[in-house]
Novice: 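Questions regarding the structure given below will be posed in turn.
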Amino acid sequence: MKIHPHAPLLHLPDYQTPTHEILAGLKQQGDPEADAVIKFLFTNQQAKVLNQLMQQLQLNRDLTNQSLPTEVKVFFENAGQIPTWADDDLLAQASRFFTQYAHQFTSMLSFLSLPYTYAAAHGVQVLYLTKRMHHDVTRRLHETARFLLDVTALNAFTPEGKGIVSSLKVRLMHAAVRYHLAKRPQWKATWGVPINQEEMVGTSLSFSVLPILGLQKMGNHLNQRDMTAYLHLWKVVGVFLGNEALYLPNRYKEGIQLETLIRQRNFAPSPEGKTLTQALIQSLEKSLGKRFPKGFVTAYMRFLLGDELANMVGVPPYNWTKALVNTFRASNVFKTLSPTPSTAGQEFLQQMQYFLKKDPVEFKIPLVV
């Protein structure tokens with residue numbers, strides 16, 4: 001399916017607005033296809049072997065690697081097919097949109113999307129019990145940045161791209177976490193299935209709708225078509241991650257409505273959420289060093305989250321550095337009104353790629369949790 005660049009976006013894939021009842025059902029669902037592969041690997045003591053083989057899978061075309069276990073090859077063959085409704089023009093537009101605001105998108109990941117997910121009182125238990133989000137924050141941020149760059153690249157879903165292979169690695173990693181946590185006595189049935197379908201939808205929104213909301217809060221004047229294209233990208237990525245695509249929104253307004261419903265159902269203060277938020281704040285303050293004054297990290301985070309969510313995850317109150325956030329916001333307003341596109345996004349992405357090559361990230365199936 002192709003859409004002319006100037007044509008109205010009328011032929012988007014199906015979307016069904018989830019109700020409370022639907023989301024309650026999704027909370028009890030995992031990812032049957034990926035879960036079956038992980039169960040087979042651990043039952044047959046092949047998970048460690050697969051981790052070794054997965055290091056050879058760097059590009060989408062490598063998914064046909066013949067040395068993989070048969071069950072894994074079949075899974076990759078089926079799960080690695082791009083949806084028939086995926087639109088090349090929209091995906092290309094989404095990539096350009098991401099590049100234009102690359103610095104801000106990656107900033108939103110650390111200052112908005114991650115602390116936002118920590119407000120989900122049940123979902124945050126996965127992150128807390130696996131320990132990596134507060135014991136190895138920097139590494140986790142690198143992994144997430146690597147994944148973000150892989151799926152937003154212009155060639156992400158071509159044979160020479162990395163979007164599909166990175167998504168499927170993350171999908172198997174999630175299934176392994178689900179496999180381990182379901183056996184842990186600490187896991188409560190009231191929390192639903194670990195990394196369940198409702199949480200997966202919420203995570204997709206934290207990568208798609210939430211950063212757009214953050215860009216708008218920072219004074220950027222965004223094009224409706226760009227926002228729709230970006231949601232389309234994350235709907236495609238969601239399929240590779242094992243999401244129920246029917247419940248991933250096509251338009252920004254739909255996404256905001258769904259985010260509100262999921263937040264109402266799942267968000268509440270928790271000791272675990274506050275612990276992870278504090279670990280994130282400390283990591284960001286350390287990485288920024290003396291480039292920004294003390295308090296800026298939490299001021300920026302509180303500004304993006306809003307007071308209600310910031311209080312929920314334990315972000316400290318504003319200090320005088322809120323004035324710096326307002327200055328940045330005014331600067332963004334000026335930039336988005338400029339008729340000349342900036343190359344800053346491309347330069348920033350080149351720097352990020354260089355940095356990640358020096359400190360390579362490899363997605364692995366956790367053998368224990």
Novice: Does the side chain of Phe97 reach to within under 4.5 Å of the side chain of Leu233, using non-hydrogen atoms?
Specialist: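 They are not in contact (no side-chain heavy atoms under 4.5 Å apart), so the answer is no.
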Novice: Is there a donor-acceptor pair closer than 3.5 Å between any side-chain N or O of Asn319 and the backbone N or O of Thr298?
Specialist: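 Here the side-chain-to-backbone pair does not exist.
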Novice: Please round to the nearest 0.5 Å and tell me the distance separating atom CD of Glu259 and atom CD of Glu254.
Specialist: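 Glu259 atom CD to Glu254 atom CD measures 14.5 Å (nearest 0.5 Å).
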Novice: Could you tell me whether a side-chain N or O of Ser113 sits under 3.5 Å from a main-chain N or O of Ser206, the two making a donor and an acceptor?
Specialist: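 Pair found, side chain donor or acceptor close to backbone of Ser206.
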Novice: Report yes or no: do Leu154 and Phe207 belong to one cluster of Ile/Leu/Val/Met/Phe/Trp/Tyr joined by side chain heavy-atom distances under 4.5 Å?
Specialist: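 The answer is no; the residues belong to distinct hydrophobic clusters.
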Novice: Tell me which one of Leu213, Leu258, Ile256 satisfies side-chain contact (heavy atoms from CB on, under 4.5 Å) with Leu205.
Specialist: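 For Leu205, the side-chain contact (heavy atoms from CB on, under 4.5 Å) test succeeds with only one of Leu213, Leu258, Ile256, which is Leu258.
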Novice: Is there a side chain to side chain contact (heavy atoms under 4.5 Å, CB included) between Val126 and Val177? Walk through the geometry before answering.
Specialist: CA-CA 8 Å; Val126 171; Val177 170; 3.9 Å; yes
Novice: Can you see which heavy atom on His221 is nearest to which on Tyr101, and at what distance?
Specialist: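 His221 and Tyr101 have their closest heavy atoms at O-OH, 4.1 Å.
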Novice: Roughly how far, to the nearest 0.5 Å, is CE of Met312 from CG of Asp307?
Specialist: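 CE of Met312 is found 11.5 Å from CG of Asp307.
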Novice: So, for Pro69 and Gln46, which heavy atoms are closest and what is the spacing to 0.1 Å?
Specialist: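 Answer, listing the atom of Pro69 first, then Gln46: CG-OE1, 3.5 Å.
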Novice: Quick check: closest heavy atoms across Leu284 and Ser110, and the distance to 0.1 Å?
Specialist: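 Here Leu284 and Ser110 meet closest at CD2-CB, 3.8 Å.
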Novice: Would you say Leu168 and Val74 are hydrophobically clustered, going by side-chain heavy atoms of ILVMFWY under 4.5 Å?
Specialist: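 Per the 4.5 Å side-chain linkage, Leu168 and Val74 are not co-clustered.
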Novice: Would you confirm whether Gln197, through its side chain, and Gly242, through its main-chain N or O, come within 3.5 Å as a donor-acceptor pair?
Specialist: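 Yes, the answer is positive, given that a donor and an acceptor are paired below the 3.5 Å cut-off.
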Novice: Determine whether the side chains of Tyr252 and Gln216 contain a donor N or O and an acceptor N or O closer than 3.5 Å.
Specialist: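 Yes - a donor-acceptor pair under 3.5 Å links their side chains.
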Novice: Can you name the closest pair of heavy atoms from Val209 and Gly255 and give their distance?
Specialist: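 What the structure gives for the nearest pair is CG2-CA, 3.7 Å.
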Novice: Indicate whether any N or O donor in one side chain lies under 3.5 Å from an N or O acceptor in the other, for Asn266 and Glu198.
Specialist: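 Yes - a donor-acceptor pair under 3.5 Å links their side chains.
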Novice: Salt-bridge test for Lys39 and Asp35: reply yes if a basic N is under 4.0 Å from a carboxylate O, no otherwise.
Specialist: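 Salt bridge between Lys39 and Asp35, a charged N being under 4.0 Å from a carboxylate O: no.
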Novice: Got Leu68 and Leu50 here, is their nearest side-chain heavy-atom distance under 4.5 Å?
Specialist: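 Yes, their side chains come closer than 4.5 Å.
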Novice: Of Lys188, Arg265, Lys27, Glu272, which is the lone residue that meets side-chain contact (heavy atoms from CB on, under 4.5 Å) with His122?
Specialist: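 Running side-chain contact (heavy atoms from CB on, under 4.5 Å) over Lys188, Arg265, Lys27, Glu272 with His122 returns exactly one hit, Lys27.
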Novice: Would you check, one step at a time, whether the test side chain to side chain contact (heavy atoms under 4.5 Å, CB included) holds for Leu148 with Thr152?
Specialist: CA-CA 6 Å; Leu148 181 63; Thr152 55; 4.1 Å; yes
Novice: Does any N or O in the side chain of Lys169 come within less than 3.5 Å of the main-chain N or O of Leu57, such that one atom is a donor and the other an acceptor?
Specialist: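 Present.
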Novice: Sub-3.5 Å donor-acceptor pair from the side chain of His180 to the main-chain atoms of Leu367, do we have one?
Specialist: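 Present.
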Novice: Between Gln104 and Gly214 (side chain of the first, backbone of the second, donor and acceptor by atom type, cut-off under 3.5 Å), is there such a pair?
Specialist: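 Absent.
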Novice: Are Tyr128 and Val193 connected in the hydrophobic side-chain network, where two residues link if heavy atoms are under 4.5 Å apart?
Specialist: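 Result: no, two separate clusters.
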Novice: Using every non-hydrogen atom in the two residues, find where Arg251 and Thr228 come nearest and quote the distance to one decimal.
Specialist: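 Smallest interatomic distance, heavy atoms only, reads NH1-OG1, 4.3 Å.
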Novice: Verify, without hydrogens or angle tests, whether Arg302 (side chain) and Val315 (backbone) share a donor-acceptor contact under 3.5 angstrom.
Specialist: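 Yes, because the side chain of Arg302 sits within donor-acceptor range (under 3.5 Å) of the backbone of Val315.
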Novice: Answer whether the closest heavy-atom distance between the side chains of Ile195 and Met200 falls below 4.5 Å.
Specialist: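 A side-chain contact exists here, since the closest heavy-atom pair is under 4.5 Å.
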Novice: Please walk me through it: do Phe292 and Tyr300 pass side chain to side chain contact (heavy atoms under 4.5 Å, CB included)?
Specialist: CA-CA 11 Å; Phe292 290 91; Tyr300 188 32; over 6 Å; no
Novice: Could you give the distance from CD (Glu160) to CZ (Arg61), rounded to the nearest 0.5 Å?
Specialist: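 That separation rounds to 4.5 Å.
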Novice: Any side-chain to backbone donor/acceptor pair from Trp187 onto Gly192? Under 3.5 Å, distance only.
Specialist: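 Between the backbone of Gly192 and the side chain of Trp187 there is a qualifying donor-acceptor contact (under 3.5 Å).
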Novice: Measuring only between side-chain heavy atoms, which start at C-beta, is Lys294 closer than 4.5 Å to Thr321?
Specialist: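 No, every pair of side-chain atoms sits at 4.5 Å or beyond.
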Novice: Less than 6.0 angstrom separating the ring centers of Phe267 and Tyr116, yes or no?
Specialist: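 Judged by ring-centre distance (under 6.0 Å), Phe267 and Tyr116 do meet the cut-off.
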Novice: Please examine the side chains of Leu109 and Phe147, heavy atoms only from C-beta on, and report whether any two atoms are closer than 4.5 Å.
Specialist: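 Side chain of Phe147 against side chain of Leu109, heavy atoms only: no contact under 4.5 Å found.
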Novice: If every non-hydrogen atom of Pro18 is compared with every non-hydrogen atom of Leu261, which pair is closest and at what distance?
Specialist: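 Heavy atoms of Pro18 and Leu261 come nearest at O-CD2, 3.2 Å.
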Novice: Establish whether Leu149 and Leu59 are linked, either directly or via other cluster members, by ILVMFWY side-chain heavy-atom contacts under 4.5 Å.
Specialist: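 Different clusters.
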Novice: Between Gln28 and Asn196, do the side chains contain a donor N or O and an acceptor N or O under 3.5 Å apart?
Specialist: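 Asn196 vs Gln28: no donor-acceptor pair found between side chains.
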Novice: What do you reckon, is CD of Gln186 surrounded by more than 12 foreign heavy atoms closer than 6.0 Å?
Specialist: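 Count over threshold, so yes.
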Novice: Nearest 0.5 Å, what's the CZ-OG distance between Arg140 and Ser283?
Specialist: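 Taking CZ in Arg140 and OG in Ser283, the distance rounds to 12.5 Å.
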Novice: Would you check, one step at a time, whether the test ring pair (Phe, Tyr, Trp, His ring centres under 6.0 Å) holds for Phe105 with Tyr230?
Specialist: CA-CA 12 Å; Phe105 267 121; Tyr230 200 62; 4.7 Å; yes
Novice: Within a strict 4.5 Å, meaning less than it, do heavy atoms of the Val124 and Ser270 side chains meet?
Specialist: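 In contact.
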Novice: Checking Lys183 now: which residues fulfil side chain to side chain contact (heavy atoms under 4.5 Å, CB included) with it, not counting sequence neighbours?
Specialist: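 Only Tyr179 meet the side chain to side chain contact (heavy atoms under 4.5 Å, CB included) criterion with Lys183.
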Novice: Surrounding CG of Asn78 (heavy atoms of other residues, nucleotides or ligands, distance under 6.0 Å), is the total greater than 12?
Specialist: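 More than 12 heavy atoms, drawn from other residues, nucleotides or ligands, come within 6.0 Å of this atom.
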Novice: Within a reach of under 6.0 Å around NZ of Lys217, are more than 12 heavy atoms found that belong to other residues, nucleotides or ligands?
Specialist: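 Yes, the 6.0 Å shell around NZ holds more than 12 heavy atoms from other groups.
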Novice: Would you compute the distance between atom CG of Leu280 and atom OG1 of Thr275 and round it to the nearest 0.5 angstrom?
Specialist: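 So the CG of Leu280 and the OG1 of Thr275 are separated by 12.5 Å.
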Novice: Val49 versus Leu53: any side-chain heavy-atom pair under 4.5 Å?
Specialist: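 Yes. Closest side-chain heavy atoms under 4.5 Å.
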Novice: Could you walk me through whether Phe111 and Phe303 pass the ring pair (Phe, Tyr, Trp, His ring centres under 6.0 Å) test, one step at a time?
Specialist: CA-CA 9 Å; Phe111 289 89; Phe303 175 80; over 10 Å; no
Novice: With a 4.5 Å cut-off on side-chain heavy atoms, are Val239 and Leu248 touching?
Specialist: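 No, side chains not in contact.
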Novice: Would you find a donor on one side and an acceptor on the other, under 3.5 Å apart, between the side chain of Asn243 and the backbone of Ala245?
Specialist: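 No.
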Novice: Any donor and acceptor pair, going by atom type alone, linking the side chain of Asn60 with main-chain N or O of Thr158 inside 3.5 Å?
Specialist: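 Confirmed, Asn60 side chain pairs with Thr158 backbone.
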Novice: Checking side chain to side chain contact (heavy atoms under 4.5 Å, CB included) for the pair Gln16/Ile22: CA distance, chi angles, key distance, verdict?
Specialist: CA-CA 10 Å; Gln16 178 179 335; Ile22 289 175; 3.2 Å; yes
Novice: If you round to the nearest 0.5 Å, how far is OG of Ser107 from CE of Met301?
Specialist: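 Output value for this atom pair is 9.5 Å.
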